[in-house]
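Each remark here refers to the structure printed beneath this line.
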4 protein chains.
Amino acid sequence: MSITESVSVTMAAMTPVKRQARAERTRAALLTAAREVFEERGFLDAKISEICERAGVAYGSFYTHFADKDAVFAELIDAMLAGLLAVMRAEPLNGDGPTARIASANRAYLRAYRKNARLMAVFEQVATFSPAMRETYLRAWGVFYDRQERAIREWQRAGLVPDDVEPRTAAVALATMIGRTAYTWYVLGRPHDDGDVEQLTRLYCRAIGM
Amino acid sequence: MSITESVSVTMAAMTPVKRQARAERTRAALLTAAREVFEERGFLDAKISEICERAGVAYGSFYTHFADKDAVFAELIDAMLAGLLAVMRAEPLNGDGPTARIASANRAYLRAYRKNARLMAVFEQVATFSPAMRETYLRAWGVFYDRQERAIREWQRAGLVPDDVEPRTAAVALATMIGRTAYTWYVLGRPHDDGDVEQLTRLYCRAIGM
Amino acid sequence: MSITESVSVTMAAMTPVKRQARAERTRAALLTAAREVFEERGFLDAKISEICERAGVAYGSFYTHFADKDAVFAELIDAMLAGLLAVMRAEPLNGDGPTARIASANRAYLRAYRKNARLMAVFEQVATFSPAMRETYLRAWGVFYDRQERAIREWQRAGLVPDDVEPRTAAVALATMIGRTAYTWYVLGRPHDDGDVEQLTRLYCRAIGM
Amino acid sequence: MSITESVSVTMAAMTPVKRQARAERTRAALLTAAREVFEERGFLDAKISEICERAGVAYGSFYTHFADKDAVFAELIDAMLAGLLAVMRAEPLNGDGPTARIASANRAYLRAYRKNARLMAVFEQVATFSPAMRETYLRAWGVFYDRQERAIREWQRAGLVPDDVEPRTAAVALATMIGRTAYTWYVLGRPHDDGDVEQLTRLYCRAIGM
DNA sequence: GATGAATGAGTATTCATTCAT
DNA sequence: AATGAATGAATACTCATTCAT
């Protein structure tokens with residue numbers, strides 16, 4: 001081992017940049033490992049020790065990067081929700097008419113949900129006992145409701161949806177229908193097929209009188 | 001009562017009855033206390049010791065009547081679900097036309113849900129980490145789906161609902177909409193009013209083309 | 001069911017004799033069941049509840065007949081030891097010469113031990129942590145030592161055993177050899193055959209210079 | 001020490017050593033305390049909490065070093081048996097003739113046993129109810145038997161012991177005599193003196209016809 | 001930043017024994 | 001005598017978090 005190599009392993013000799021880079025790597029490894037462990041065991045049975053083992057990081061190092069178990073989890077959820085939101089935003093809101101837009105929005109949502117189903121399951125779990133996570137949960141649904149509500153109001157303005165539809169209530173109910181059906185399919189494992197996605201869209205459209 | 005019968009009801013035979021009475025009282029007290037504690041603290045933070053204290057019963061007596069914490073909980077849930085089912089069955093399925101029936105069924109469901117909202121919340125919680133309770137959860141929803149499906153099929157036969165509605169998929173989606181909206185309102189506390197109930201029914205009816 | 005039969009089941013009507021007889025039956029059933037349970041589970045894992053179940057007797061009735069778990073056990077051990085002693089005493093101390101006598105005594109002891117091996121195992125177990133049972137244990141060995149010692153002294157008086165054999169020490173050592181070999185064979189399950197019994201006797205005789 | 005070596009021993013590399021040292025101290029303190037507590041109370045009444053108190057260590061630290069109560073105990077027993085074996089092996093097998101060798105081997109064994117008598121007592125206890133410890137127990141005796149058997153065979157080859165002595169049976173019986181007499185003396189507390197040791201050896205030698 | 005040993009609060013469950021009928 | 005419900009003491013083990021190097 002040359003002196004240079006040896007020195008590179010010591011702290012004093014590390015340049016700030018290298019130090020940061022190393023920390024970033026550790027942090028990333030912990031996040032990846034944490035997601036795996038949470039998905040496999042759920043929040044309650046996830047152990048910090050296992051996260052560290054998988055990340056190939058010392059036990060105590062976890063707390064160098066995260067305040068506590070809740071903090072890693074929150075970060076994973078935030079990232080996931082941001083990704084979900086990005087997918088939804090990427091979906092062109094205009095296009096071949098409202099029905100097609102609803103269809104493609106639903107498909108996009110369901111696809112994104114399925115990709116994150118295992119973490120979603122844990123999100124639902126934690127939201128049942130953690131006030132902080134319940135906040136996040138409500139906020140996420142709020143965003144979802146808002147999008148539907150905005151769309152419905154537009155359609156009403158365009159005369160595509162009758163006025164006796166109360167936009168907010170309908171938005172909440174239909175977002176719930178879509179969102180919870182995703183849970184039912186991908187988390188609880190209820191069988192379903194592509195035709196069901198179409199049905200879902202048809203129910204959605206008819207429900208608001210389209 | 002003949003002499004023979006009367007004589008046969010001596011000591012040995014009578015005592016069990018008395019015993020049962022006392023035991024039944026203890027058991028009932030534990031169940032009541034358990035429901036309270038579960039509702040206040042959730043499943044995870046519910047302590048057997050607190051249940052016993054509230055029931056005015058010695059710690060060990062809990063285990064005279066229930067195998068463990070899961071067992072009391074399961075019994076409470078079973079009772080609650082049986083009650084819910086009874087309410088749903090009590091609802092007359094005939095009457096002033098399908099729309100009115102749907103309306104009254106939804107009202108009945110929401111009313112019953114609200115009355116049990118706090119225990120429902122815990123039910124949802126436990127279903128996220130207990131395989132046994134997930135089973136119960138799926139079974140309960142299954143019953144709910146079945147009822148909707150049966151109704152939709154009847155309406156199709158009567159020509160009230162178009163044939164392009166796939167009864168099972170629609171049943172699952174709409175039961176989910178109603179059921180999860182109840183959770184959203186009564187467990188998560190989202191504001192709502194009586195008009196929202198009407199809207200819900202309207203969305204339901206329109207969705208299946210009624 | 002006739003009145004007479006019915007009455008016979010009640011306490012008030014039972015004659016003292018019948019009552020005693022019944023109690024005796026219950027007690028006997030408990031003893032039999034207790035032996036089974038102790039033998040199957042060892043003392044520590046033996047449960048009063050299981051003893052009562054097997055005896056077909058109510059839980060609380062156990063304490064009508066025995067002060068506690070230790071008491072039943074003590075009674076079983078006492079009975080077993082009395083039986084063992086009886087076997088040993090039945091063995092004719094005279095006969096075809098000392099060697100033959102030693103041989104038949106050993107055979108008798110080993111046979112009796114084997115028949116009680118499972119309870120013996122529990123006896124050894126309890127003697128390691130119960131002061132009272134250790135007393136019994138020491139007393140039982142004392143009796144065994146005494147018999148050997150007496151025999152050795154007789155043989156010395158008859159000139160069959162040299163005087164440099166210290167009767168007590170030899171008695172303790174050889175009784176230990178025989179007694180613990182029985183444990184090794186029948187409790188620990190070390191393989192052995194009939195030839196080994198002969199060997200044991202030969203070792204015994206030679207050890208004391210016979 | 002060269003510069004290279006010195007540099008390579010920086011932080012990361014040095015720390016583990018220090019850690020180990022502290023951990024080793026804690027571990028040793030726990031082992032010492034555990035032995036004390038087991039000896040005073042027996043296995044069943046030994047409490048982890050008391051072990052930790054005596055070791056001056058936090059409760060949880062016990063589990064940093066041992067999987068459970070059984071694990072510390074097993075380690076203590078293994079160490080004790082290794083020590084015993086070492087003593088026996090240290091005993092020169094050659095010397096002033098077989099009788100003197102037997103005498104000194106017996107003396108060595110009894111001395112070593114006495115030093116460990118209190119832990120031996122607990123070993124015997126645990127062997128009666130723990131399958132794992134019974135394994136260890138049988139293995140330990142097996143080693144003891146083997147040594148005697150080997151010696152007897154040698155003596156037979158040398159013409160010092162008659163051929164009608166079956167080496168294995170005699171080894172088992174005589175090892176049992178010596179080993180269990182040690183238990184009787186040092187654990188059960190039966191009175192004895194130095195003359196008894198000689199007697200024991202004389203019985204041993206005569207038994208195999210020496 | 002990394003390491004990993006130390007900390008200690010927290011709790012369900014068992015079961016011998018008692019006791020009211 | 002029999003019954004069986006009521007009692008409550010007793011304890012090993014987990015694991016998130018801290019902290020000294």
Side-chain angles (χ1 to χ4, degrees), chain A residues 9 11 14 18-20 22-24 26-27 45-50 52 57-70, chain B residues 11-12 14-27 45-50 52 57-65 67-70, chain C residues 9-12 14 16 18-20 22-24 26-27 45-50 52 57-70, chain D residues 11-12 14-27 45-50 52 57-70:
Chain A
V9 182
M11 298 200 46
M14 280 203 296
K18 277 185 186 164
R19 215 184 302 169
Q20 275 179 9
R22 184 186 179 187
E24 219 43 65
T26 303
R27 198 187 150 80
D45 293 334
K47 282 157 208 149
I48 304 292
S49 62
E50 191 177 358
C52 292
V57 155
Y59 203 132
S61 295
F62 178 88
Y63 291 90
T64 302
H65 300 282
F66 304 98
D68 52 26
K69 195 178 170 182
D70 296 56
Chain B
M11 277 255 139
M14 188 199 304
T15 314
V17 177
K18 280 186 189 164
R19 283 291 139 65
Q20 266 184 0
R22 187 185 178 188
E24 218 43 68
R25 244 178 297 133
T26 303
R27 201 188 148 78
D45 293 333
K47 283 164 213 140
I48 305 291
S49 62
E50 191 176 359
C52 292
V57 153
Y59 201 135
S61 294
F62 178 88
Y63 293 91
T64 302
H65 299 282
D68 52 24
K69 197 177 166 181
D70 296 57
Chain C
V9 182
T10 63
M11 297 202 47
M14 280 205 297
K18 275 186 187 163
R19 214 183 303 169
Q20 276 178 7
R22 185 188 178 187
E24 218 43 67
T26 302
R27 198 188 149 79
D45 293 334
K47 279 159 210 145
I48 304 292
S49 62
E50 191 177 358
C52 292
V57 156
Y59 203 132
S61 295
F62 178 87
Y63 291 90
T64 302
H65 300 282
F66 305 98
D68 53 25
K69 195 178 168 182
D70 297 56
Chain D
M11 277 254 136
M14 187 199 303
T15 315
V17 178
K18 280 187 188 163
R19 281 293 139 63
Q20 264 182 5
R22 186 183 178 190
E24 218 44 67
R25 244 178 297 133
T26 303
R27 201 189 147 79
D45 293 333
K47 281 164 214 141
I48 304 292
S49 63
E50 191 176 358
C52 292
V57 152
Y59 199 133
S61 294
F62 178 88
Y63 293 92
T64 302
H65 298 282
F66 305 99
D68 52 25
K69 197 177 167 181
D70 296 57

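Basis for what follows: all heavy atoms, side chains included, without hydrogens, waters or symmetry-related copies. To find a chain, count down the sequence lines: A is the first, B the second, and so on, and within it residues start at 1.
For the pair D:R22 CZ and E:dT3 C1', the computed distance is 13 Å after rounding to whole Å. Regarding C:Y59, its OH atom lies at a distance of 10 Å from the C1' atom of F:dG4, rounded to whole Å. A:D68 places its CG atom 5 Å from the P atom of F:dT17, with the value rounded to the nearest Å. Atom NZ in B:K47 sits roughly 20 Å away from atom P in F:dG8 (whole-Å rounding). The CG-C1' distance, from A:D70 to F:dC15, rounds to 14 Å in whole Å.
Nearest-nucleotide mapping onto DNA chain F: of A:A46 and D:F62, the residue sitting toward the 5' end is D:F62.
With P as the reference atom, F:dT21 and E:dG1 are 22 Å apart, rounded to whole Å.
The aromatic rings of B:Y63 and B:Y59 sit parallel to each other, their planes meeting at less than 30°, with 60° as the upper class boundary.
Across E:dT17, E:dT3, F:dA2, the shortest atom-to-atom separation from the side chain of C:T64 is found for F:dA2. The side chain of B:A58 lies closest to F:dG8 when the candidates are F:dG8, E:dT7, F:dA1.
A:K69 places no side-chain N or O within donor-acceptor distance of the main-chain N or O of A:K47, the cut-off being under 3.5 Å.
A close approach under 4.0 Å does not occur between any side-chain nitrogen or oxygen of D:Y63 and OP1 or OP2 of F:dT14.
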